[in-house]
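Every chain is numbered from 1 and lettered A, B, ... according to where its sequence line falls, protein lines coming before strand lines.
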Number of protein chains: 2
Amino acid sequence: MILKAQSAESRIEQLCVEHGLKMTGQRRVIARVLSEADDHPDVEELYRRALTLDSRISVATVYRTVRLLEEKGILERRDFGGGRARYEATENGRHHYHLIDVDNGKVIEFEDPEHEALMKKVANRLGFEFVSMRLELFGRKKSAAKPGVKTSSRARQKGNAA
Amino acid sequence: MILKAQSAESRIEQLCVEHGLKMTGQRRVIARVLSEADDHPDVEELYRRALTLDSRISVATVYRTVRLLEEKGILERRDFGGGRARYEATENGRHHYHLIDVDNGKVIEFEDPEHEALMKKVANRLGFEFVSMRLELFGRKKSAAKPGVKTSSRARQKGNAA
DNA sequence: ATATCTGCAAACTCTTTGCAGGGTC
DNA sequence: GACCCTGCAAAGAGTTTGCAGATAT
């Protein structure tokens, strides 16, 4: 048996293996990038980060990989406005949600433990088995009127912060 | 003053006027289509419905109009997977949510009155004023294994039912 | 050895936009 | 009458895909 002298298996890589996916060099890199991300990168950003680890990766592969991982339930796709899909690792049991600042598109995470239980109950009531959920709250920063920040209409969200 | 002998102002049209929008024939038609919709049409579907009322409308105008109405807070954009944006009229105060069947993309609406209050509290706790929210629940129909319905992996959602 | 994966570039789909003409307030 | 809106068609952005070669198991 040949031991690969590589850095430890990332969490996502492990999940890939458990799901019986063929682990190519590219997938390993993408898995690592995903494991290390604590924000909500879009494909282009994942690609950029992956390139810093290995230059032999194409965007097409990143697209194919996130799609595959989403189908396997390893990743979840998010839409925070702005046209691109964002991704984050599925966190079984310990869900978190997103509050999006409508004025600047910034995303704040928050938890609400009772919530998932509540949603499971709702799904059940409707005759469904809970698979996953998505909760996005849109809000506007209270008071603290900072100069230079327009509070008028909703900011068009094209390429906002993670 | 010239009285226009047209059918009554639709609910959305009324909102447009209140928001000071110039009411063109096209906008009136689109407003009416939106007012009468009780599902979540995408732009193409809105366009199709609008055409049955007036053939002098282009898709570009539908796009421009939904975008405008969304910015005004009259419409809300939804993303149920499948690449296209879906729209529905904003319902102030009485929110409803969506349960999406992961196997066939069908959307079921449900209410949960406590919920909005809960979310307003969360927004407040984080220092934000509640603007709107989005809640999507993904589930799989329990038992009742219908023949012909694959329960294996998640269905790719391209062009599903409203 | 074989089925799967990747890069590349072309193709697709959804959405936005410049421009000239038309309509609303 | 000023300004905004619309249609058309072209352009943009994000994502998917066919193919030939490379790779994992």
Side-chain angles (χ1 to χ4, degrees), chain A residues 1-4 6 9 13 16-31 41-48 50-51 53-72 75 77-87 156-160, chain B residues 1-4 6 9 13 16-31 41-48 50-51 53-72 75 77-87 156-160:
Chain A
M1 181 192 260
I2 298 161
L3 289 176
K4 304 221 173 107
Q6 302 224 84
E9 210 175 41
E13 181 179 344
C16 290
V17 174
E18 283 169 23
H19 281 265
L21 298 181
K22 202 179 272 191
M23 288 313 295
T24 64
Q26 291 87 332
R27 285 191 184 164
R28 229 180 293 273
V29 168
I30 295 170
D42 56 30
V43 168
E44 219 187 306
E45 178 61 25
L46 288 172
Y47 175 54
R48 217 173 297 136
L51 278 185
L53 299 181
D54 186 332
S55 57
R56 291 161 308 171
I57 287 184
S58 74
V59 234
T61 297
V62 179
Y63 273 107
R64 281 191 270 233
T65 303
V66 293
R67 180 175 171 166
L68 179 65
L69 298 198
E70 194 208 346
E71 281 166 2
K72 293 291 183 186
L75 282 188
R77 194 199 321 202
R78 304 282 176 228
D79 163 50
F80 296 154
R84 327 129 128 64
R86 312 266 209 107
Y87 294 87
R156 250 278 138 179
Q157 304 173 196
K158 279 285 179 190
N160 357 113
Chain B
M1 180 192 263
I2 298 161
L3 289 177
K4 304 217 174 111
Q6 305 225 86
E9 210 174 43
E13 180 177 345
C16 289
V17 174
E18 284 169 22
H19 281 266
L21 298 181
K22 200 177 273 189
M23 287 315 293
T24 64
Q26 290 88 330
R27 283 189 184 167
R28 230 179 293 273
V29 169
I30 295 169
D42 57 31
V43 168
E44 218 186 307
E45 177 62 26
L46 289 173
Y47 175 52
R48 217 172 300 138
L51 278 184
L53 300 180
D54 187 332
S55 56
R56 290 161 309 170
I57 288 185
S58 73
V59 234
T61 297
V62 180
Y63 272 106
R64 281 190 272 235
T65 304
V66 293
R67 180 175 173 165
L68 180 65
L69 298 199
E70 195 207 344
E71 280 165 3
K72 293 290 183 187
L75 281 188
R77 194 197 324 199
R78 303 282 177 229
D79 162 49
F80 296 154
R84 328 131 125 66
R86 314 265 210 106
Y87 293 88
R156 251 277 136 182
Q157 304 173 198
K158 278 285 180 189
N160 358 111

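Spacing between atom CD of B/Glu71 and atom C1' of C/dT16 amounts to 12 Å, rounded to whole angstrom units. Between A/Glu44 atom CD and D/dG12 atom C1' the separation is 13 Å, expressed in whole Å. Distance CG (B/Asp79) to C1' (D/dT15): 14 Å, rounded to an integer number of Å. Taking atom CD of residue A/Glu70 and atom C1' of nucleotide D/dT16, one finds them 14 Å apart after rounding to whole Å. Separating the CZ atom of A/Arg77 from the C1' atom of D/dT16 is a distance of 12 Å, rounded to the nearest angstrom. At whole-Å resolution of the value, CD in A/Glu45 and P in D/dT15 are 14 Å apart. In this structure, CE of B/Met23 is placed 17 Å from C1' of C/dG22, rounded to the nearest angstrom.
Between B/Val43 and A/Val59, the residue anchored closer to the 5' end of DNA chain C is A/Val59, taking for each the nucleotide with the nearest heavy atom.
The listed nucleotides are C/dC25, D/dT6, D/dA9; the one nearest the side chain of B/Arg64 is D/dT6.
Every salt bridge (charged side-chain N to carboxylate O under 4.0 Å, His left out) that A/Arg56 has, sequence neighbours left out, goes to A/Asp54. Remark: B/Arg64 pairs with no residue by the salt bridge (charged side-chain N to carboxylate O under 4.0 Å, His left out) rule, at least two apart or across chains. When the side chain to side chain contact (heavy atoms under 4.5 Å, CB included) test is applied to A/Leu53, the partners found at least two apart in sequence or on another chain are A/Val29, A/Arg32, A/Val33. Every residue was checked against the salt bridge (charged side-chain N to carboxylate O under 4.0 Å, His left out) condition with A/Arg27, not counting sequence neighbours, and none meets it. In terms of the side chain to side chain contact (heavy atoms under 4.5 Å, CB included) criterion, residue partners of A/Tyr63 (sequence neighbours excluded) are, by chain and number, A/Val43, A/Val59.
Side-chain N/O atoms of B/Arg28 include none lying less than 4.0 angstrom from OP1 or OP2 on D/dT6. Note on A/Tyr63: a side-chain N or O is less than 4.0 Å away from OP1 or OP2 of D/dT15. Contact annotation: A/Arg56 side-chain N/O to C/dT6 OP1/OP2 distance is not under 4.0 Å.
When every heavy atom of B/Leu69 is checked against every heavy atom of B/Cys16, the shortest pair comes out as CD2-SG, 3.8 Å.
Salt bridge A/Arg48/A/Glu45: present, at least one basic N to carboxylate O contact under 4.0 Å.
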Could you list the protein-to-nucleotides 2-5 of chain D atom pairs, N/O on both sides, closer than 3.5 Å?
from	atom 1	to	atom 2	distance (Å)
D/dC3	O2	B/Lys22	NZ	3.4
D/dC4	O4'	B/Lys22	NZ	3.0
D/dC5	OP1	B/Arg27	NH1	3.1
D/dC5	OP1	B/Arg27	NH2	2.9
D/dC5	O5'	B/Arg27	NH2	3.4

